[in-house]
Each structure stands twice: as structure tokens, then as C-alpha cells.
Amino acid sequence: MRKRLLALALLTTLACALAPSVTFADERGAIPTPVTIEVGDDGAPVSTSGDGWTYDDGELVLEAGYAFAFTGHAFDVSGENRIWNSGIIVDGIFVNGSKGNGSTVHNEAGGVIQGGTFNMPVNNYGTIEGGTFHESAHNHGKIAGGTFDDYVTNSEGAVVSGGVFEDGGNNNSVDNSGTIGGGEFNIGVNNSGAIEGRGVFNAYVQNGNARFGTDKNKSCTISGGTFNSEEMDNFGTIEGGTFNGEILSRGIIAGGTFSFTSTVASNDEDTTDGGGTISGGTFAGPVTNGDPDLDWNAAAITGGTFAGAVTNYDAIGGGTFSSIMSNKEGGTVSGGMFLGDVTNRGVVEGGFFARPIIIGEGGTVSSCTFPVNASLAGLSLAGTGAEQPVATYEKDGEESNCLTLTADTGYTLPSSVSVRLGSADGRELVSGTDYTYNDATGVVAVKKGAVAGPLFLAASGVPAIAPAPEPTPPTPGSQPSSSSAKLLAATGDSVQPTVVAGIVLLAAGTLAASAIACRKRRASRR
């Protein structure tokens with residue numbers, strides 16, 4: 001009983017010391033049994049076997065269900081496949097005394113390497129959590145951390161979710177066909193799989209490959225992370241991230257923040273399906289869309305926000321462009337909002353342009369939209385339905401842009417207006433030829449063929465004349481003055497009802513006085 005209690009106490013103590021290794025329970029939820037392997041000064045185990053392990057002919061086999069810790073000296077793993085691990089390697093120092101080649105630590109599916117220092121190649125089909133890897137790591141399972149000083153190959157279906165990846169003096173790189181979800185990468189990364197968020201990439205990154213087909217490249221994705229390398233090649237798909245270096249993209253950019261320079265070119269000539277496209281993202285630096293050195297292009301911008309200069313050799317069908325845009329020969333602009341200067345040597349057949357388009361040799365404009373600014377006094381623009389009224393240009397267009405003026409309170413519509421190109425100092429359009437104005441309805445109709453840039457509309461309302469005030473009618477029941485009576489008499493109106501009442505009262509008083517006098521005379525005769 002005492003031995004059982006002592007063994008239980010040792011097991012509990014070692015399990016706690018190995019935390020969080022206890023999280024690696026097997027499929028049944030069983031906690032692995034801690035085992036210590038003592039290594040002699042010759043780099044080999046002192047014993048040939050123990051609980052869950054055997055050492056025979058220079059190979060150490062570690063079984064599942066055990067957590068192995070190495071004590072004593074460093075384990076010499078010189079040679080091919082010196083460790084076969086199906087359990088958990090908790091810690092240890094592994095050296096390659098003969099500097100031979102080969103995957104000297106073979107971590108099987110279900111095996112875990114947690115910590116340790118590895119001075120020889122590692123072939124991982126299980127899980128690596130932590131540790132320092134001074135030679136190459138070939139991952140077919142999961143790498144969940146550690147420091148890597150040599151090549152790392154992450155195979156299809158495998159996951160690298162963290163770690164620090166250094167050069168180690170070997171000019172090495174990370175080749176990813178699986179998933180990279182984080183870590184600090186100070187060496188180059190070649191991505192044929194998926195790169196997700198939380199990673200920091202301080203060296204060159206290639207997303208996809210020029211030799212891949214279109215479908216394969218589309219599956220090479222970057223959807224997060226911070227990319228600080230001076231340059232980067234994209235043949236696949238970018239769906240997010242922060243990019244602080246130059247990018248040559250022959251693939252798809254559908255998001256992300258690009259703070260330095262970006263170049264978008266078409267795919268190689270032997271790629272028959274599409275070229276580089278931008279359908280989103282924020283670009284602080286210059287962008288070149290298309291490749292002038294190829295006979296054909298398939299690059300397109302259909303969205304995104306562009307703060308830097310844009311040079312277009314192919315197609316622009318959307319986006320907001322705050323700086324200058326140069327549409328080269330062969331380039332087409334069919335949509336987008338252009339807030340800076342635009343020079344056109346290609347074709348413009350749509351889009352909103354805040355400034356006049358500068359037409360270069362060979363450039364054509366078939367349609368576009370310009371803003372309408374107004375200087376109005378006593379007037380307002382009615383029915384525009386937008387904060388910024390616009391006017392559409394159409395080459396040889398017979399239709400007109402209609403702007404309606406309404407008079408403010410106290411004003412009437414003017415007899416004429418002024419319509420100019422650009423500003424108050426711009427060229428004035430000709431009334432009756434370039435536009436018409438109806439002073440009865442306030443409609444200004446500017447011909448679409450005459451709108452060669454932003455319009456400036458100036459007009460002033462005419463102050464209305466106020467009518468004379470009407471006289472105040474007399475209060476009912478009031479006595480008219482003598483002057484009013486004369487006025488009434490002059491108009492034939494009568495004051496008889498009032499005069500008659502006065503006469504009746506006067507007659508009544510006279511009759512009463514006469515009656516009193518008669519009574520007095522009768523009394524004196526008696």
C-alpha cells in the first residue's frame with residue numbers, strides 16, 4: 001500500500017511538472033505515463049529498454065501512452081531514424097555527433113514533441129510544440145511553436161500555427177503546401193497552400209508559382225498576417241493582411257492594406273486563363289495594372305481604394321483613385337471614381353471624373369460623368385437627389401442633362417444663366433448651342449456632347465416686388481366720423497337708420513313736454 005501511494009505521488013508530481021503535456025491525452029482521454037530515460041556519456045541510453053521504450057541497434061522506439069523525459073547527457077542521434085516516437089517527448093537535448101544526413105528524429109502520427117533542443121533533422125507526422133530546431137524540420141502533422149534555424153517543409157494537410165523561423169546561417173526557407181496560421185518568419189516563405197492571420201513575415205514571400213495552372217494558383221491563398229519584406233510575388237489569391245513592401249502580383253488581390261508599392265501584371269503567356277486582378281484592398285503606393293512588355297494583357301482592377309498613382313495598361317472597371325491616373329495605349333477605363341488628374345492615351349468609356357480628362361495622342365473618350373458645381377443667389381437646384389449634382393458626357397450625344405432651378409422665397413427666376421467648364425473662370429458654354437434655359441420652368445438643359453469637364457452653373461434670382469397693403473375695414477358698430485359720413489354720402493351709402501332713431505327720440509320728448517303744459521293750464525282754470 002505504501003509503495004502504491006508513493007508511486008501515485010511521483011506520478012502526480014511528474015504530471016504537474018510536465019504541464020501542459022497532460023493536455024495530450026489519448027483518444028480515450030487517458031493521461032500518459034511519465035517515464036525517464038537516462039542517457040550515458042556516450043550519447044546512448046544506459047539501459048536497453050524500459051516502460052514504453054526499447055533501444056536496439058542504435059534506434060530508440062518510444063511507444064504511445066507514455067511521456068518521456070531524458071536525463072543525464074545529450075542523446076546522440078547520429079544516423080538515420082535514430083528515434084521513432086509514438087508517445088510524448090517532453091524534453092531533452094539531441095545532438096548529431098557524426099553530422100550525418102537523414103531524418104534522425106521520426107515523430108509518428110499521434111506522437112508529440114514538446115520542447116527540447118534538436119541538433120539534427122526532424123520528420124514530423126504528429127505534433128511539435130515548442131523546442132529549438134537547429135536543423136531541418138519536415139512537417140506532415142502540426143507544428144505549434146518553437147524556434148527553427150533551418151529549412152521547414154510544411155506538407156499538404158499539415159499545419160504550422162506558430163514559432164520563430166530564423167536563417168541560422170543556412171540561407172534556408174519555409175516551403176508551405178499546408179496551412180500557416182502564425183509565427184514570426186525571418187526567412188523566405190514559398191506558399192502553395194494557405195497563409196492565415198497572426199503571422200509576421202519579415203522576408204520574401206512567394207504566393208503560388210508561375211509553373212502552376214490557374215486553378216492551382218487560385219487555391220494558394222493569403223488571408224492575413226503582416227508582411228514586412230521588401231518585395232513579394234503573388235501568383236495566387238490575397239484576401240487580407242498588411243503589406244509593407246513591393247508586390248508583383250500576377251494573381252488575385254481581393255483585400256488587404258498595401259502601404260508601400262504594388263505592381264499588378266498579367267499572368268505568363270502560357271497561362272490561358274485570366275491574369276492579375278484587384279477587386280479590393282487599400283493601396284497607399286503606386287500601382288501598375290497590366291504588363292507593357294507582353295503582347296496581350298488580362299489584368300483588371302474592379303475595386304479597391306488607391307491613394308497613389310495608378311498606371312493602367314489593361315482594364316479598370318471600378319475603384320476609388322485619389323491620385324493621378326495614366327491610362328496607357330491599350331488601356332480601358334469603364335468605371336471608377338477618379339479624383340485626381342487623368343491622362344488618357346487609351347479608351348475611356350465610363351467613370352466619374354472630378355477633373356477634366358487630359359486627352360493624349362490616340363486617346364478617346366466615349367462617355368463619362370463630371371460633377372456640377374453651382375454659385376446661386378436666391379435660387380436652389382431642385383430634384384437632384386444627390387449631394388453632388390452630376391452631368392454625363394456622351395460623344396455625339398443628342399440628349400441633354402437637365403438641371404432645374406427653383407426660386408427661393410422672395411425671389412423669381414432670372415431671365416438668363418451662365419454655364420462654364422470647370423470654374424467661374426472657365427470657358428463659357430454658348431446658350432442655344434451648348435445649352436438652353438427656360439426662364440418659366442427654371443430648366444437648364446446642357447447637351448451631353450458639350451460636357452467636356454466639370455460644369456459651373458451661376459445664376460441670381462430676381463427680388464420680387466411686394467404688393468401695396470389693403471385698407472383696414474371699420475370695426476362693426478362704430479360711429480363714422482364726419483369725414484366718413486361725407487365719404488359714405490359720396491358713395492351713396494346711407495346713415496338713415498341712425499338719423500331716424502334720433503328723430504324719433506326727439507319727437508317723443510317734445511310730445512311729453514306738451515302734455516305737461518296742458519295739465520298745468522287746466523289746473524289754473526279751476
Side-chain angles (χ1 to χ4, degrees), residues 17-24 32 60 62 67-70 74-77 81-96 102-191 193-203 205 224-226:
L18 299 180
S21 63
V22 293
T23 61
F24 293 101
L60 177 65
L62 306 175
F68 300 96
F70 295 86
F75 192 98
D76 185 356
V77 289
N81 296 323
R82 295 297 300 278
I83 296 180
W84 293 78
N85 177 49
S86 297
I88 299 174
I89 297 177
V90 176
D91 201 354
I93 299 176
F94 305 88
V95 297
N96 186 357
S103 300
T104 53
V105 173
H106 191 96
N107 193 37
E108 299 275 38
V112 175
I113 298 176
Q114 184 182 10
T117 301
F118 302 86
N119 296 299
M120 71 299 170
V122 174
N123 199 12
N124 176 50
Y125 288 85
T127 299
I128 296 177
E129 185 181 77
T132 301
F133 301 82
H134 292 302
E135 292 196 30
S136 61
H138 300 268
N139 182 42
H140 305 274
K142 179 179 179 181
I143 296 178
T147 300
F148 301 84
D149 293 337
D150 208 311
Y151 287 97
V152 175
T153 302
N154 193 44
S155 300
E156 185 175 354
V159 176
V160 175
S161 59
V164 178
F165 301 82
E166 302 284 2
D167 179 83
N170 296 315
N171 193 28
N172 51 300
S173 63
V174 174
D175 292 317
N176 175 51
S177 298
T179 300
I180 295 179
E184 179 181 331
F185 298 83
N186 298 315
I187 56 177
V189 175
N190 296 316
N191 179 49
I195 297 179
E196 299 175 348
R198 302 181 305 279
V200 178
F201 300 82
N202 297 319
V205 175
T226 301

_Spatial distance of atom OG1 (T153) from atom CG (D175) [nearest 0.5 Å]_ = 5.0 Å
*To the nearest 0.5 angstrom, please state how far the OH atom of Y125 sits from the NE2 atom of H138.*
10.0 Å
*Nearest heavy-atom neighbours spanning M120 and E135*: C-CB, 3.6 Å
*What's the shortest heavy-atom distance between V159 and N139, and which atoms?*
O-ND2, 3.2 Å
*Specify the closest pair of heavy atoms between G188 and A203, including all atoms of both residues, with the distance to one decimal.*
N-CB, 3.6 Å
*Donor-acceptor pair between D150 and N172 side chains, under 3.5 angstrom*: no
*Give a yes or no on whether the backbone of T179 and the side-chain of N154 come within a donor-acceptor separation of less than 3.5 Å.*
yes
_Minimum-distance pair of heavy atoms, taken over all atoms of A144 and S161_ = CA-OG, 3.4 Å
*State, to 0.1 Å, how close A67 and P32 come at their nearest heavy-atom pair, and which atoms those are.*
N-CB, 4.0 Å
*How long is the span from the CZ atom in F133 to the OG1 atom in T117, to the nearest 0.5 Å?*
9.0 Å
_Residues N186, D167; criterion side-chain contact (heavy atoms from CB on, under 4.5 Å); working and verdict_ = CA-CA 7 Å; N186 298 315; D167 179 83; over 6 Å; no
*Do the side chains of F148 and I187 get nearer than 4.5 Å, heavy atoms only?*
no
*Relative to the ring of F75, is the ring of F70 parallel (under 30°), tilted (30 to 60°) or perpendicular (over 60°)?*
perpendicular
*asked:* Using side-chain heavy atoms (C-beta onward) and a distance below 4.5 Å, is V174 in contact with V160?
replied: no
_Gap between atom CD of E184 and atom CZ of F201 - 0.5 Å precision_ = 11.0 Å
*Look only at the side chain of N85 and the backbone of V112, and say whether a donor-acceptor pair between them is shorter than 3.5 Å.*
yes
*Looking only at non-hydrogen atoms, find the nearest pair between K142 and N124 and report the distance.*
O-ND2, 3.3 Å
_Could you check whether H134 and D149, counting side-chain N and O atoms only, form a donor-acceptor pair closer than 3.5 Å?_
yes
_Non-hydrogen side-chain atoms of H140 and N123 separated by less than 4.5 Å_ = yes
*So how far is it from W84 CH2 to L62 CG, rounded to the nearest 0.5 Å?*
12.0 Å
*Calculate, to the nearest 0.5 Å, the distance between atoms CZ and CG belonging to F94 and L60 respectively.*
8.5 Å
*Beyond-backbone contact of V205 with F185, side-chain heavy atoms, under 4.5 angstrom*: no
